[in-house]
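Below: the structure, in structure tokens.
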Amino acid sequence: MSGEHIHDVVVVGAGPGGSSAAAFLAREGLDVLLLDRSEFPRDKVCGDGLTPQAVYWLDQLGCADEVMAQTEACIRDCDLFINGKHLLTGGFPVGTAYPDFAILLDRKRFDDTLRRNAIVKGATFEGGRILREVQVGRDAVELTCQTREGTRSFKGRIVIGADGVSSTVSRAIGNTLKTGAMALSLRAYYRDVECEGAQIKVYFDRDYFPGYGWLFVDDKGFANVGLGYAVDRNFSMPGKLAEDFRRFLDRELGTMLRHATRCGAPSGGSAAFFKPNAILADRIMLVGDAANHADPLNGGGIHKAMESAFFAAETAVAALAAGDCSARGLRAYERRWGRHVGFDWQTAELFLSIAKNPHLRDFCLFTLTQIGRLTDADRQFQEFCSGVFSGAISQSICLSPRALYHAFPKDPRVWQTMFAAEGGSILGPMRIARGAAQSLGLAGAEMVRDPLANLDWGIEVATKAVRLVQRGVAETPGLTQPAGIHHTSLQRQGRIAAPA
């Protein structure tokens, strides 16, 4: 292929966002080139859990059956632990736009399946292409790549950057990477894991909050285990990640891993949870981790990458048809993405901004414990909370007093159950109030010892809260429904729950 050939779209990065964008574009008949620095199949550090939203988008891409044929786990429940104690077992909500289950598939097979699906739809793939330079011209963007054979150039009328958290394309449009809130994680695979209870387990603990540990195990005992922290310039990692990971394995998972065998060394990864300066420029759009689109509340990035790929592809098709691939011509991507997830993303970002202050960890964990006790006793409230955390229900719905009123338990027996865990209907409320006061008092005392960092944090939280309130005046939170998308074929076949 000559470097003078101009493709309609060149997609950089063949992860979930890039391969999804390539598939959406190619099935519209466009000339699409998909590039990646790696040859496939290749591994990628991730939890490997595919949320209900990801299953939804797999169906829209036409490869849900192929992915589900490879998985050994279809999971509807999750065990939640706080400070080493099992708090509740919850499930995904029913009656939303998405199915009520998650599946597990390692990224090596999952990403390769999406890449092959893009090729089947008509995209061309080239691996081993390391992007070095991006030059935007009048008629096309030229990409200079390093290959094993030397330097090669590729041209596209539009370029979609899906090259991850260290995106070269993002830097090319002026973004500074890794300057805000980040998640740092370690992950390892084990086989022959002895798991009781739910096959998804999430662990919140004082030693590594804000962050959590996880275990995702399939029906055959093959597990992905990991630990992640949330950090930023004011609040660094409280310990050493490798040491905390080993302690997490021994303390929380020791029984389940006693006869298990680790498959290879642990691997590290990262994700960003701050809004970049730009997600588009002349002839360029960013999707997925390249645009920092991962969910700040739960860290999930796969389905967000697939969603943003849909909107970017739709915008590219319209821009090429109109003959306007300038930033103005691509602005519809930013507008549609903002309408679809902007309010929710800002809400989740605010929650993360509050929780990432390590001085508030006792209060946050205390609050999570009380909420967990309520959800364990009330199925409706449990579905509401699990839906918000997973993103299957709009996260901004937490800001609606009416929605909260309808979601909170009304049955006195539910509250009696929560109070019973603290000593009864008389002592329980008093102990809960005392616990909240003590944890807040401890947080205040710790903040005083580091006034500058906490003042900066307070201004950040206040600024984000004000912006969220201003946006919320004109928007009404509700169920997250992908705009312009019809019910999935899985729903038509009765394999997943249809919206109520």
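Note that this is a predicted model, so its numbers are computed, not measured.
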Minimum heavy-atom separation for [X] and [Y], please, with both atom names.
X	Y	answer
V11	A162	CG1-CB, 4.5 Å
A272	A294	O-CB, 4.4 Å
R27	Q60	NH1-O, 2.8 Å
F110	I302	CE2-CG2, 3.9 Å
V136	D282	CG1-O, 3.8 Å
L114	C63	CD2-SG, 3.7 Å

Salt bridge between [X] and [Y], side-chain N to carboxylate O under 4.0 Å?
X	Y	answer
R116	E66	yes
R247	E243	no
D111	K44	no

Would you say that more than 12 heavy atoms from the other residues, nucleotides or ligands in this model lie under 6.0 Å from the [atom1] of [X], or not?
X	atom1	result
R251	CZ	yes
E196	CD	no
R37	CZ	no

Practice problem: Let me see the working for D219 and Q199 under side chain to side chain contact (heavy atoms under 4.5 Å, CB included), right down to the final yes or no. | Solution: CA-CA 8 Å; D219 298 343; Q199 291 170 271; 2.8 Å; yes
Would you mind reporting whether [Y] and [X] have side-chain heavy atoms less than 4.5 Å apart?
X	Y	value
L143	V134	yes
V141	I158	no
F274	D232	no
H5	K155	no
V217	Y190	no
E126	R152	yes
H303	P52	no
R148	E39	yes

Short side-chain to backbone donor-acceptor contact, [X] and [Y], under 3.5 Å:
X	Y	value
D163	T168	yes
E194	M256	no
R42	D112	no
D205	Y208	no
Y333	A316	no
N175	A278	yes
D8	L30	no
T71	A73	yes
S19	P16	no
K356	N234	no

Quiz item: Is the distance between the ring centroids of F92 and Y98 under 6.0 Å?
Solution: no
Quiz item: Pick one: which of K108, R107, R187 meets salt bridge (charged side-chain N to carboxylate O under 4.0 Å, His left out) with D43?
Solution: R187
Out of curiosity, [X] [atom1] to [Y] [atom2], how far, rounded to the nearest 0.5 Å?
X	Y	atom1	atom2	value
L33	I6	CG	CD1	13.0 Å
S170	N277	OG	CG	8.5 Å
C74	M68	SG	CE	5.5 Å
R171	S166	CZ	OG	7.0 Å
C325	L280	SG	CG	12.0 Å
F343	T347	CZ	OG1	5.0 Å

Quiz item: Should the pair W57 and F310 be assigned to parallel (<30°), tilted (30 to 60°) or perpendicular (>60°) ring geometry?
Solution: tilted
Exercise. If the plane angle is over 60° it's perpendicular, under 30° parallel, otherwise tilted; pick one for W337 and H340.
Key: tilted
Self-check item: side-chain hydrogen bond (donor to acceptor under 3.5 Å, both in side chains) assessment of T261 paired with D192
Solution: CA-CA 7 Å; T261 302; D192 301 323; 4.6 Å; no
Quiz prompt | Full working for side chain to side chain contact (heavy atoms under 4.5 Å, CB included) between D59 and V55 | solution = CA-CA 6 Å; D59 195 55; V55 176; over 6 Å; no
Exercise. Please determine, by modelled atom types, if D106 and Y189 share a side-chain donor-acceptor pair under 3.5 angstrom.
Key: no
Quiz prompt | Test log, rule side chain to side chain contact (heavy atoms under 4.5 Å, CB included), inputs S236 and V231 | solution = CA-CA 5 Å; S236 59; V231 299; 5.6 Å; no
Quiz item: Can a cation-pi geometry be assigned to R115 and F125, taking NZ or CZ under 6.0 Å from the six-membered ring centre and within 45° of the ring axis?
Solution: yes
Quiz prompt | Criterion side chain to side chain contact (heavy atoms under 4.5 Å, CB included) on L80 and F204, from CA distance to verdict | solution = CA-CA 8 Å; L80 176 63; F204 290 103; 3.4 Å; yes
